[in-house]
Amino acid sequence: MRLSRYFLPTLKETPSEAQIASHRLMLRAGMVRQGAAGIYSWLPLGHRVLKKVEAIVREEQDHAGALEMLMPTIQSADLWTESGRYDDYGKEMLRIKDRHGRQMLYGPTNEELITDIFRREIKSYKDLPKNLYHIQWKFRDEIRPRFGVMRGREFLMKDAYSFDMTAEDGVKSYNAMFVAYLRTFARLGVRAIPMRADTGPIGGDLSHEFIVLAETGESEVFFDEGFNDFDPMAADPRDGTDLQPVVDQWTSLYAATDEMHDTDSAGAKDKALVQGRGIEVGHIFFFGDKYSKPLKAEVQGPDGKPVAVQMGSYGVGVSRLVGAIIEACHDENGIIWPEAVAPYKVGLMNLATKDEACTAACDKIYTELSTAGVEVLYDDRATGAGAKFTNMDLIGLPWQVALGNRGFKNGIVELKNRATGEREEVAIGEIVAKLTNQ
RNA sequence: CGGGAAGUGGCGCAGUCUGGUAGCGCACUACACUGGGGGUGUAGGGAUCGCAGGUUCAAAUCCUGUCUUCCCGACCA
């Protein structure tokens with residue numbers, strides 16, 4: 001993409017409403033713009049990142065056997081009355097009336113809706129297990145939205161729902177999601193640690209939060225440094241092996257957020273305990289028949305008798321993750337994207353746009369990279385070189401390629417790694433091959 | 001919802017106390033120079049000062065109401 005044709009409104013100064021790093025950087029890098037408190041438009045650069053995060057979440061869900069579908073954002077209040085949560089949910093739920101005066105709501109979550117779909121279509125134990133998910137916008141009318149997309153009111157969430165005949169099978173479904181989450185966050189380029197969680201209003205007795213570690217995270221966390229030795233990609237939910245040992249390993253070490261932290265517990269006395277900060281990006285629950293009973297989500301067992309199914313739900317804050325990744329990956333100059341979610345892999349800068357030969361060389365590199373399938377953002381604007389460097393550091397593409405008169409005379413470009421800051425001179429003729437293999 | 005701040009060109013701010021023709025930096029437009037870390041000059045465009053009402057000869061400035069945004073707390077993907 002040529003920057004001269006792109007829509008990338010970067011800001012030199014930070015808008016006064018943004019306080020934390022990810023919010024400041026998302027505004028400055030031209031990724032999002034605020035519509036109302038906690039509600040954002042995603043501009044092209046931010047949208048690309050959001051879609052990449054979404055794609056990785058989707059791949060790992062599919063890989064773990066979950067089935068993608070799509071439920072609406074607007075729901076009828078009826079199902080919520082039936083589950084008893086219409087009154088319980090409180091002011092966090094955005095309630096609206098349609099033209100006929102029917103009570104509707106903008107979905108804050110989808111347990112009721114998915115359970116209704118399930119109970120209408122699935123009648124036999126032979127159809128189990130099932131794990132259905134969707135990636136959809138939710139709305140929770142938070143008292144105080146803040147931190148940009150990290151705690152917005154409107155947010156993109158992946159939520160999956162598992163249905164099993166027995167609690168034992170339900171735990172297997174839970175474990176598959178547990179492993180899928182380990183893999184998802186590792187692929188996104190961040191370190192996430194599962195922590196035993198309070199089940200809160202969703203209920204149930206088995207639940208873990210996945211916390212991305214970031215120095216500027218919103219909550220304080222305590223965890224065993226033994227987590228460093230675990231490989232999140234070691235287990236595969238699809239190869240048919242028992243995942244319980246993997247889950248046992250990841251839950252054997254102490255890990256807790258400050259509100260769950262208990263200095264008196266045995267694990268907390270471990271010498272290997274370290275303190276850090278983190279951001280919750282995923283939360284999984286196994287809650288048995290909490291919703292299937294009141295909503296009568298039953299199947300017939302082998303004996304012909306109806307049984308309420310065992311359910312679990314599994315959320316990932318997709319839009320929140322974009323902010324969380326930035327919190328974990330930035331410096332004083334801007335964002336440092338992990339390659340898997342970077343909006344473009346390479347930022348190519350023409351530092352001598354008035355020099356026809358140099359420009360032709362840049363154009364050639366741009367064309368060849370594009371043809372080779374490398375995502376490249378090409379700064380071909382007639383602005384000063386300093387502005388280009390500063391802007392590239394801000395938007396944080398993993399690789400920067402700079403070509404100006406100086407290098408052109410000697411037949412070299414400068415290649416810079418945004419994360420390490422390392423610069424290297426590469427022959428013009430070799431840069432494409434080098435980036436293609438990188 | 002309790003406590004606290006703030007709304008003035010796109011962004012960051014001054015002006016408000018003490019009422020008297022709306023200002024600065026950045027960004028933007030044109031031209032020239034410049035071109036390896038947000039460069040320089042000249043000339044421009046753009047604001048009913050959040051909104052409504054009131055006081056006054058006169059309101060960004062004083063009074064009343066209201067909306068919005070941000071921060072701390074309780075709540076949360």
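To find a chain, count down the sequence lines: A is the first, B the second, and so on, and within it residues start at 1.
With rounding to whole Å, A/Glu17 atom CD is found 20 Å from B/A5 atom P. Going from atom NZ of A/Lys12 over to atom P of B/G38 covers 9 Å, rounded to whole Å. Look at CD on A/Glu111: it is 11 Å from P on B/A77, rounded to the nearest Å. Rounded to an integer number of Å, the gap from CZ of A/Phe408 to P of B/G36 is 16 Å. The CG atom of A/Asp379 sits 13 Å away from the C1' atom of B/G36 (whole-angstrom rounding). For the pair A/Ile211 CD1 and B/A77 P, the computed distance is 10 Å after rounding to whole Å. One can place CZ of A/Arg151 at 11 Å from C1' of B/A74, the figure rounded to the nearest angstrom. For A/Glu142 and B/C70, the CD to P distance is 13 Å, given to the nearest whole Å.
Regarding contacts with the backbone of B/C72, a side-chain N or O of A/Arg146 is found under 4.0 angstrom from either OP1 or OP2. Dashed line: the shortest gap from a side-chain N or O of A/Gln19 to OP1 or OP2 of B/C72 is not under 4.0 Å. The phosphate of B/C72 (OP1 or OP2) has a side-chain N or O of A/Arg144 nearer than 4.0 angstrom.
The C1' atoms of B/C75 and B/G19 are separated by 46 Å, rounded to the nearest whole Å. Comparing the P positions of B/A52 and B/A59 gives a spacing of 14 Å, expressed to the nearest Å. To the nearest whole angstrom, the two C1' atoms, one in B/C28 and one in B/G9, are 11 Å apart. Using atom P as the reference point in both B/G25 and B/G44, the two lie 15 Å apart (nearest Å). When the P atom is used for both B/U66 and B/G12, the distance is 27 Å, rounded to whole Å. A distance of about 14 Å separates the P atoms of B/U8 and B/U69, rounded to the whole Å. If you take atom P in B/C13 and the same atom in B/A32, they sit 36 Å apart, rounded to whole Å. Taking atom C1' on both nucleotides, B/U29 is separated from B/C71 by 38 Å, rounded to a whole Å.
The partner of B/G53 is B/C63, by the rule that a Watson-Crick or G-U pair needs both atom distances under 3.5 Å. The partner of B/G41, taking Watson-Crick or G-U wobble pairs whose two distances both stay under 3.5 Å, is B/C31. Pair check for B/U21 finds none; no Watson-Crick or G-U wobble contact set falls under 3.5 Å. The partner of B/G73 is B/C1, by the rule that a Watson-Crick or G-U pair needs both atom distances under 3.5 Å. Base-pair partner of B/G36: not found among the strands shown (Watson-Crick or G-U wobble, both distances under 3.5 Å).
Figure legend: A/Arg48 and A/Tyr344 shown as a cation-pi pair, the cationic atom lying under 6.0 angstrom from the six-membered ring centre and within 45 degrees of its axis.
At a threshold of 4.0 Å, the pair A/Asp379-A/Arg381 counts as salt-bridged, since one of the basic side-chain nitrogens sits closer than that to a carboxylate oxygen. Between A/Lys158 and A/Glu54 there is no salt bridge, since none of the side-chain N atoms of the basic residue sits less than 4.0 Å from a carboxylate O of the acidic one.
Of the candidates B/G36, B/C76, B/G35, B/G35 carries the atom nearest the A/Ala382 side chain, counting heavy atoms from C-beta on. Here the side chain of A/Ala37 is nearest to one of B/G38, B/U69, B/G36, namely B/U69. Counting only heavy atoms from C-beta on, A/Pro15 has its side chain closest to B/G12 among B/G39, B/G12, B/C75.
Residue contacts shown for A/Ala387 include a base, since a base heavy atom lies under 4.0 Å away. Counting any heavy atom pair closer than 4.0 Å across all strands shown, A/Ser319 reaches no nucleic acid atom. Residue A/Ala18 is out of contact with every strand shown, counting any heavy-atom pair closer than 4.0 Å. The residue A/Gly90 sits apart from the nucleic acid: no heavy atom pair falls under 4.0 Å. Among the atoms of the strands shown, base atoms are found under 4.0 Å from some heavy atom of A/Asn391. Using a 4.0 Å heavy-atom distance criterion, A/Gly404 is classed as a base contact.
Aromatic ring centres of A/Trp80 and A/Tyr89: separated by under 6.0 Å. Proximity of the aromatic rings of A/Phe178 and A/His208 is defined here by a centroid distance below 6.0 angstrom, and this criterion is met.
With hydrogens and angles disregarded, a donor-acceptor distance shorter than 3.5 Å links the side chain of A/Lys52 to the backbone of A/Ala342.
Side-chain atoms of A/Lys354 come within donor-acceptor range of the base of B/G35, with a qualifying N/O pair under 3.5 Å. Between the side chain of A/Arg140 and the base of B/C76, no donor-acceptor pair under 3.5 Å is found.
Take A/Tyr86 and apply the ring pair (Phe, Tyr, Trp, His ring centres under 6.0 Å) test, not counting sequence neighbours, and it matches no residue. A/Thr10 is linked by a side chain to side chain donor-acceptor pair (under 3.5 Å) to A/Asn391, counting only residues two or more places apart in sequence or in another chain.
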For this session: Evaluate the criterion side chain to side chain contact (heavy atoms under 4.5 Å, CB included) for residue pair A/Met104 and A/Arg95; output intermediate values, then yes/no.
Result: CA-CA 6 Å; A/Met104 313 293 282; A/Arg95 296 152 204 262; over 6 Å; no

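Across the interface with RNA chain B, nearest-nucleotide mapping of A/Val316 and A/Asp393 shows A/Asp393 to be the residue nearer the 5′ end. When each of A/Leu403 and A/Ser16 is assigned the nucleotide of RNA chain B bearing its nearest heavy atom, the one mapping closer to the 5' terminus is A/Ser16.
When side chains are defined from C-beta on, A/Met1 does not count as touching A/Val376, because their heavy atoms never get closer than 4.5 Å.
In this structure, A/Phe155 counts as stacked on the base of B/A77 under the 5.5 Å centre distance and 30° plane angle limits.
Residues of residues 414-427 of chain A that place a heavy atom closer than 4.0 Å to RNA chain B, in numerical order, are A/Glu414, A/Lys416, A/Arg423.
Partner of A/Leu403 under the side chain to side chain contact (heavy atoms under 4.5 Å, CB included) criterion, out of A/Ile365, A/Ile412, A/Leu351: A/Ile365 alone.
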